[in-house]
There are 2 protein chains.
Amino acid sequence: MVEAKLGRPRSEATRHAILRAAAGLVDEIGYANITTTAIATRAGAGKQTIYRWWRAKSSVIADAVVEGYLRLPSADVAVTGSLEDDLKAWLHVTVQVMNDAATGPMVRALAAAASDDAAQATALWDHLTGPLHRDLLNRLERGQHAGQLSAAVDSAAIADALLGTVLFRLLAQAPNPARLDGIVDAVLGASRPAG
Amino acid sequence: MVEAKLGRPRSEATRHAILRAAAGLVDEIGYANITTTAIATRAGAGKQTIYRWWRAKSSVIADAVVEGYLRLPSADVAVTGSLEDDLKAWLHVTVQVMNDAATGPMVRALAAAASDDAAQATALWDHLTGPLHRDLLNRLERGQHAGQLSAAVDSAAIADALLGTVLFRLLAQAPNPARLDGIVDAVLGASRPAG
DNA sequence: CGCATTACGAGACGGAGTGTCTCGATAGTC
DNA sequence: GACTATCGAGACACTCCGTCTCGTAATGCG
């Protein structure tokens, strides 16, 4: 990890251009159709410059995600009076967003791309789902402070379950929204006050 | 869908050999490293025979899943007195199984393979996770009959959430088992009797 | 049986893409 | 100015996909 002191230094501008080109291509033509040549051309870089710094194409795109060049479109978790309503609304909107033409294929492809490298996969999912998880957690903890949710439950675990549900639907491409409300009902406690 | 009546009929043995070869190769060298030539060679078939009946390599492998040549290793859901304990035990074992050397990469690769075709993806995930979902649902409904779980909650939704959690961990390759118990706690109702 | 028809195994083939290699030029350090 | 590593550009060998072409095998019809 020691930087070389001799010779021409690595161009940070080129690095940025490559990651930016990769991210743009994922958006425009989809992960599966991207070629290294296309990334290089769009970035105004040579192919060797890519392979000098990344092991493979998938690594470039994974890096683009990890460094924030590609983000999942996220829906804000509303804060109205009802935790239950807010979570249900978030679930429906998020499932809808994930099922749109661009997002679903991208996430599925990235999941496959990261499957080579466990460390990379962890970093990638962390960056993709981290913001969503954080938003959910904030709302849940606010609900706990407001007494809408028992302080004894593990709110991070609930956020896991909700995100897991969204991802499951994303992978299975089953846009049936029928059970989404049921999940929130179950997660908030079966014996909540009747609504 | 009308079968031809003239000429040599399609060999069911060859069809079986091709699907069997594809399934074996997924296990042995992983989805990403499979070539159509390798499938054909291993099956003792010609490449043209594959392309005569399947559109692409991913279709062959998806078919192998749908027809049961590839299965997710499943852990039985125990039936002891405690629904809570049974679900926690199942979650831990299942996450452990999914994290083993062969299963994780296979599922991730299949997720990518199915991303081409929405209808195929639904069928594929149905066959992969269907048995697990059914087992969970059985145990949950049994718990509802035994009064361990409110009859009002959507047990299928709970099964979704538990499976979603497992898949999320599988994709993110985060083997941290800490929150698993918390998910069961949350899902079974925050206000259950203290344990 | 002979003929038409379709599937079969085998493998050659063109096209596309990957990752390596080479080139002359460039941007730093000493 | 010498040295060294990176730069853009693109040629290159290699692998793989999916198509095409063989000669052969299996089935129904006359």
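The structure displayed is predicted, hence computed values, not measured ones. Order of the sequence lines fixes the chain letters, A, B, ..., with proteins taken first and strands second; residue numbering starts at 1 for each chain. Values below: all heavy atoms of this structure, side chains included; hydrogens, waters and symmetry mates excluded.
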Trainee: Would you kindly compare B:Lys57 and B:Arg8 by the position of their nearest DNA chain D nucleotide and give the one closer to the 5′ end?
Mentor: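 Nearer the 5' end of the strand: B:Lys57.
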Trainee: So A:Ile34, base contact, sugar-phosphate only, or nothing? Heavy-atom distance under 4.0 Å.
Mentor: sugar-phosphate
Trainee: Without decimals, in angstroms, what is the distance between A:Arg42 CZ and D:dA9 P?
Mentor: 16 Å
Trainee: For A:Thr14 and for B:Thr35, find the nucleotide of DNA chain D with the closest heavy atom, then tell me which residue's nucleotide is more 5'.
Mentor: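 It is A:Thr14 whose nearest nucleotide is closer to the 5' end.
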Trainee: Does the side chain of B:Asp160 come under 3.5 Å of the side chain of B:His133 through a donor N or O and an acceptor N or O?
Mentor: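 B:His133 and B:Asp160 do have a side-chain donor-acceptor pair below 3.5 Å.
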Trainee: Provide, to the nearest angstrom, the distance between the CD1 atom belonging to B:Ile39 and the P atom belonging to C:dC8.
Mentor: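 One finds 16 Å between P of C:dC8 and CD1 of B:Ile39, rounded.
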Trainee: Taking atom P of C:dG17 as reference, at what distance in whole Å does atom OH of A:Tyr31 sit?
Mentor: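 Result: 15 Å.
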Trainee: Within the modelled atom types, does a donor on one side and an acceptor on the other bring the side chain of A:Lys47 and the base of D:dG10 under 3.5 Å apart?
Mentor: no
Trainee: Which Ile, Leu, Val, Met, Phe, Trp or Tyr residues join B:Leu137 in one cluster when any pair of side-chain heavy atoms under 4.5 Å counts as a link?
Mentor: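 Besides B:Leu137, the hydrophobic cluster comprises nothing; the residue is isolated.
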Trainee: Among D:dT6, C:dG9, C:dT18, which is the nearest nucleotide to the side chain of A:Trp53?
Mentor: D:dT6
Trainee: Could you check how far CD of A:Gln48 sits from P of C:dT20, rounded to whole Å?
Mentor: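 The answer, rounded to whole Å, is 8 Å.
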Trainee: Between C:dA12, C:dA7, C:dT5, spot the one nearest the side chain of B:Leu6, thanks.
Mentor: C:dT5
Trainee: Crowded around B:Arg52 CZ? As in, over 12 foreign heavy atoms under 6.0 Å?
Mentor: yes
Trainee: Please state whether the phosphate of C:dA7, meaning OP1 or OP2, lies under 4.0 angstrom from any side-chain nitrogen or oxygen of B:Ser11.
Mentor: no
Trainee: Rounded to whole angstroms, how far apart are CG on B:Leu25 and P on D:dC16?
Mentor: 13 Å
Trainee: Hey, does the side chain of A:Tyr51 come within less than 4.0 Å of C:dG19's phosphate (OP1/OP2), counting only N and O?
Mentor: yes
Trainee: Tell me if a side-chain donor or acceptor on A:Thr129 pairs with a main-chain N or O of A:Trp125 at a distance below 3.5 Å.
Mentor: yes
Trainee: Specify the residue among B:Gly44 and B:Gly7 whose closest nucleotide of DNA chain C lies further upstream toward the 5′ end.
Mentor: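 Taking each residue's closest nucleotide, the earlier one in sequence belongs to B:Gly7.
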Trainee: Is A:Arg10 close enough to D:dA5 that one of its side-chain N or O atoms is under 4.0 Å from OP1 or OP2 there?
Mentor: no
Trainee: Measure the distance from CZ on A:Arg15 to C1' on D:dA5 and round it to the nearest whole Å.
Mentor: 18 Å
Trainee: To the nearest Å, give me how far apart CD (B:Glu12) and P (D:dT27) are.
Mentor: 13 Å
Trainee: For A:Ile50 and D:dC7, what is the distance between atoms CD1 and P respectively, to the nearest whole Å?
Mentor: 11 Å
Trainee: May I ask you to evaluate whether B:Thr36 reaches the phosphate of D:dC17, defined as a side-chain N or O under 4.0 Å from OP1 or OP2?
Mentor: yes
Trainee: Just wondering, do B:Arg142 and B:Leu83 contact through their side chains at under 4.5 Å, heavy atoms?
Mentor: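 No, every pair of side-chain atoms sits at 4.5 Å or beyond.
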